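This report refers to the structure that appears directly beneath it.
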Number of protein chains: 2
Amino acid sequence: MSIRDVAARAGVSPATVSRVFTRPESVAADTRRRVMAAAEELQYVPHAAARSLAQGRTGNLGVVVPDIANSWSATITKAVQQEARRDGFALFVAGSDEAAVDEEQWARAMVPRVDGLLLVSPQMPDTALQTIADLIPVVVTNRVLDDIPAVLTNTFEATGHAVEHLHSLGHRRLVYLAGPQGYANEVRLDGFRSACARLGIEAAELGPFHARFTEGVRAADLVLATEATGVVAYNDEIAVGVLNRLADRGVRVPEHVSVVGFDDTGLAEMVTPRLTTVRIPAASAGVAAVSLLLSVMAGRDVSGRSLVELPGELIIRASTGGVPGSVATRGSQ
Amino acid sequence: MSIRDVAARAGVSPATVSRVFTRPESVAADTRRRVMAAAEELQYVPHAAARSLAQGRTGNLGVVVPDIANSWSATITKAVQQEARRDGFALFVAGSDEAAVDEEQWARAMVPRVDGLLLVSPQMPDTALQTIADLIPVVVTNRVLDDIPAVLTNTFEATGHAVEHLHSLGHRRLVYLAGPQGYANEVRLDGFRSACARLGIEAAELGPFHARFTEGVRAADLVLATEATGVVAYNDEIAVGVLNRLADRGVRVPEHVSVVGFDDTGLAEMVTPRLTTVRIPAASAGVAAVSLLLSVMAGRDVSGRSLVELPGELIIRASTGGVPGSVATRGSQ
DNA sequence: ATGAAAGCGCTAACAC
DNA sequence: GTGTTAGCGCTTTCAT
C-alpha cells in the first residue's frame with residue numbers, strides 16, 4: 001500500500017499525493033478531496049521511514065531519564081511527551097537505572113532515530129556527552145557543560161529558606177542526606193552548608209544515598225545516631241523513607257525530629273505527616289527543556305538563553321516543627 | 001557521512017560495509033577490521049531511516065499508557081522498556097491521560113513508526129482498536145477482545161481474599177470505590193460482589209472515580225456518610241487518598257475503618273499506616289506483554305497462549321484491622 | 001568473500 | 001496546479 005496505489009486510484013501522480021500529505025494547501029481543493037478519499041479507502045498510511053529518508057528528519061525526539069518509575073522522572077517525562085506532541089514529535093523514552101554506561105548506550109542508540117535528544121540529569125562522563133552533542137542537538141537538565149544548553153533547577157536559595165525555616169523553629173543541629181553525585185546534589189549541599197554557616201548551625205552530612213525510599217529507611221537510623229533534630233533529605237523519596245523508619249522506631253515527626261524533602265512530587269502530600277519540601281517545577285522543566293531543544297534543532301542561536309534556571313520554592317507542611325523545649329514549640333503542643 | 005564514505009576509506013564496496021553491520025560473520029576477518037576502523041575514524045553512524053526502509057522493519061516498539069506519571073503505568077513502562085531493550089528494540093512512549101481520543105490518536109501516530117504496539121488498559125472503542133490491530137501487531141493489557149492477544153491481571157480471587165480477610169476481622173458492611181470503567185474495574189467489582197454475597201456482607205459501591213489520589217480524598221467523605229467499616233478501593237492511589245482524608249477528619253485506620261488498595265505500587269509501603277493491598281505483578285505483566293508481542297510479530301501462532309492471566313495476591317499490612325467491639329479487635333488494642 | 005545494481009516509499013526540484 | 005525525475009542511505013539478490 002504505497003503512495004503509488006493511492007495515486008493510481010485517485011488518477012493523479014505520486015507527487016500530488018505526497019503534496020496532499022505535506023502541503024495540502026498547494027493542491028487544488030477537489031484534487032485534494034479525491035486523493036483523501038482514495039487514501040481513506042485504501043487505508044493508506046504514509047511510510048515513516050521513507051518519509052524520514054527523503055526529508056532528512058525523523059519527527060522523533062528522545063529522552064533518557066535516570067529511572068522511568070521514579071516519580072520525578074515520570075513527571076518530567078510526561079511533560080516532555082506532551083510538549084513534544086504539541087510540536088508534532090513522537091518520543092522515545094529510555095531509563096538508565098542510574099547507570100552511566102546504560103545511559104550512554106541509550107543515548108547513542110537514539111541518536112540515529114531522533115532529531116534531538118534530551119538527557120535528564122546525565123551521569124555519563126563529559127567526553128561521552130560531548131561526543132553525542134557533536135552528533136545531534138542535545139539539551140540536558142541538571143548538568144553544566146560548556147556549549148550544551150541546559151535546564152537547571154536552582155535550589156540554592158530555597159535550600160537556604162529551608163534551613164532558615166528550621167533555624168526559626170529552634171533547630172541548631174541539622175543533617176543533610178546526600179543524593180547521587182551531580183549538579184542537583186551539589187547545589188542542595190552548597191545551599192545547606194552556606195545557610196548553616198551563616199546561621200551558626202551545626203551541619204552534618206550523610207551519604208551519598210540512592211534517591212530511593214529504601215535508602216531513606218536506611219538513613220533514618222544513621223540520623224538518630226547523631227544529635228541532629230532536623231533532616232534535610234536529597235529528595236522526597238528519601239525523606240519519606242526517613243519518615244517511615246522514624247515512625248517505626250517511635251520517633252515522632254515533627255515533635256522529635258523535623259524532616260524536609262526536595263521535589264514536591266505527589267508523594268509529599270500523600271504521606272503522614274505531609275512533607276515540608278522544596279518544590280521544583282518538574283513540568284515546567286520538561287516544557288523548558290523541549291522548547292530549548294527545538295530552538296537548537298532549528299539552528300537558532302541559543303547562546304544567550306542556553307542556560308534556563310528554574311528556582312525552587314519551600315513548601316511548608318507538617319513534617320517540620322519546633323524543637324522540644326524551644327519557644328517555637330508552644331503553638332504546636 | 002554515509003556508507004559510501006566508509007566503503008571508500010576502507011577500500012571496499014558499500015555492500016561489504018553493509019554486511020559488516022548486519023551479518024559480520026559473512027565478511028572476512030581482516031576486511032571486517034578494516035571496515036570497522038574506517039567507520040570508527042569517520043564517526044559513522046548507520047542511518048536508521050534508510051535501514052528501516054530497506055529492511056522493512058523499524059526496530060521500534062510503542063507503548064501507550066493511561067498516564068506516564070502514574071505509578072502503575074510507570075512500573076509497567078519501565079519493565080516494557082527493559083524487555084524491549086533485551087530484544088534490541090527502542091521504545092516509543094505516550095500517555096493518553098485516560099482520554100480515549102488521545103489514546104487512539106497516539107496509537108495511530110505510532111503505527112507507521114513501530115513494528116509492534118502495546119496498549120495498556122486501552123479505553124478506545126472496540127472498532128478503533130480492531131482497526132489498528134489490522135494494521136500492525138498489537139497486544140493489550142486488561143482488555144478482552146476477540147483475536148487480540150492480551151495480558152490480563154486476574155484479581156477476582158485475590159479480591160475475594162481481601163473481602164474474606166475483612167470479614168474475618170468482623171466487618172459486615174463494606175464499600176467498593178470504583179475506578180475507571182474497564183476490565184480491571186469489572187473484575188475487581190465482580191470479585192467484591194461475589195465474595196460479599198457469599199459471606200453475607202452488606203456491599204455498597206461508590207464511584208466511578210479517576211484512579212488518582214485526589215479522588216480518594218473526595219471519596220473518603222462519601223464513605224463516612226455510609227455505615228461501612230471497610231473500604232476496598234480500586235487502586236492504591238485512591239486508597240491512599242482515603243487514608244489521608246480520614247486522618248484529617250480524625251478517623252483512625254484501622255481502628256475505626258479498614259482500607260484495602262490494589263496494585264501494591266511503592267506507595268503502599270510508604271504511607272502510614274502501611275496499606276493492605278492486592279499486589280499485581282506490574283513488571284511481570286510488562287515482560288509478558290512484550291514477549292507476547294514479539295511472538296505475534298514473528299508471525300508465530302499465538303492462538304493458544306494469546307491470553308496471559310496474571311493472578312493478584314493479597315498483601316496484608318497495617319491498614320486493615322478488627323471492627324471496634326469485635327473479638328478480632330482484641331489483639332490490636 | 002566481495003562487487004554491481006536494483007529498489008525500499010517518499011519528497012523536492014524542476015518543468016510545463 | 002500538477003507531472004517527471006532524481007535521489008535520500010541502506011540492504012539484498014545475483015554475479016563473479
Side-chain angles (χ1 to χ4, degrees), chain A residues 1-39 42-60 88 90 108-115 135-136, chain B residues 1-39 42-60 88 90 108-115 135-136:
Chain A
M1 200 61 40
S2 89
I3 209 173
R4 315 179 76 94
D5 302 307
V6 179
R9 191 145 165 73
V12 298
S13 79
T16 299
V17 177
S18 172
R19 286 189 189 100
V20 169
F21 283 91
T22 47
R23 293 182 301 117
E25 70 285 0
S26 74
V27 174
D30 81 318
T31 321
R32 193 191 318 152
R33 268 191 294 278
R34 276 214 319 286
V35 172
M36 301 282 262
L42 265 43
Q43 293 232 46
Y44 167 73
V45 180
H47 192 293
R51 181 178 272 227
S52 297
L53 181 56
Q55 291 189 138
R57 58 185 294 281
T58 63
N60 302 147
R108 296 197 104 92
M110 282 185 180
V111 164
R113 306 164 126 107
V114 302
D115 299 327
L135 256 33
I136 200 177
Chain B
M1 200 61 40
S2 90
I3 209 172
R4 315 179 76 95
D5 302 308
V6 180
R9 191 144 166 70
V12 298
S13 79
T16 300
V17 177
S18 173
R19 286 190 189 100
V20 169
F21 282 92
T22 47
R23 294 180 302 116
E25 70 285 358
S26 74
V27 174
D30 80 320
T31 321
R32 194 192 316 153
R33 267 191 296 277
R34 275 215 319 287
V35 171
M36 301 282 264
L42 266 45
Q43 293 232 44
Y44 167 73
V45 180
H47 191 292
R51 181 176 271 224
S52 298
L53 181 57
Q55 292 187 137
R57 59 186 292 282
T58 63
N60 303 146
R108 296 198 105 93
M110 282 185 180
V111 163
R113 309 165 123 107
V114 302
D115 299 326
L135 257 32
I136 200 176

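In this text the structure is predicted, and so the values were computed from the model without any measurement. Chain letters run A, B, ... following the sequence lines, proteins first and then strands; every chain starts at 1.
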Which whole-number value in Å describes the distance from [X] [atom1] to [N] [atom2]?
| X | N | atom1 | atom2 | answer |
| --- | --- | --- | --- | --- |
| B:I3 | C:dA5 | CD1 | C1' | 14 Å |
| B:Q55 | D:dT13 | CD | C1' | 15 Å |
| B:L53 | C:dA6 | CG | C1' | 13 Å |
| B:R57 | D:dC10 | CZ | P | 16 Å |
| A:R4 | D:dT5 | CZ | P | 12 Å |

Reported [atom1]-to-[atom2] distance for the pair [X] and [Y], which is rounded to 0.5 angstrom:
| X | Y | atom1 | atom2 | result |
| --- | --- | --- | --- | --- |
| A:S26 | A:R32 | OG | CZ | 8.5 Å |
| A:T22 | A:R51 | OG1 | CZ | 7.0 Å |
| B:L135 | A:M1 | CG | CE | 10.0 Å |
| B:T16 | B:R34 | OG1 | CZ | 9.0 Å |
| B:T58 | B:I136 | OG1 | CD1 | 7.5 Å |

Problem set entry | Any A:M110 side-chain heavy atom under 4.5 Å of A:R108 side chain | no
Exercise. Looking at B:Y44 and B:I3, what are the two nearest heavy atoms and their distance?
Worked result: CE1-N, 3.8 Å
For this session: Please figure out whether B:G11 or A:A48 has its closest DNA chain C nucleotide nearer the 5' end.
Result: B:G11
Problem set entry | Residue mapping more 5' on DNA chain C - nearest nucleotide basis, B:S13 or B:A54 | B:S13
For this session: Find the bend of the helix from C:dA1-D:dT16 to C:dC16-D:dG1 as the angle between its two terminal axes (five pairs each), to the nearest 10°.
Result: 30°
Problem set entry | A:S2 side-chain proximity, nearest of C:dA12, D:dG9, C:dC10 | C:dC10
Problem set entry | Phosphate OP1/OP2 of C:dG3: any B:T16 side-chain N/O under 4.0 Å | yes
For this session: Mind checking B:V12 for me? I need base, sugar-phosphate or nothing, with any heavy atom below 4.0 Å counting as a touch.
Result: sugar-phosphate
Exercise. In residues 18-35 of chain B, which ones come under 4.0 Å of DNA chain D, going by heavy atoms?
Worked result: B:S18, B:R19, B:T22
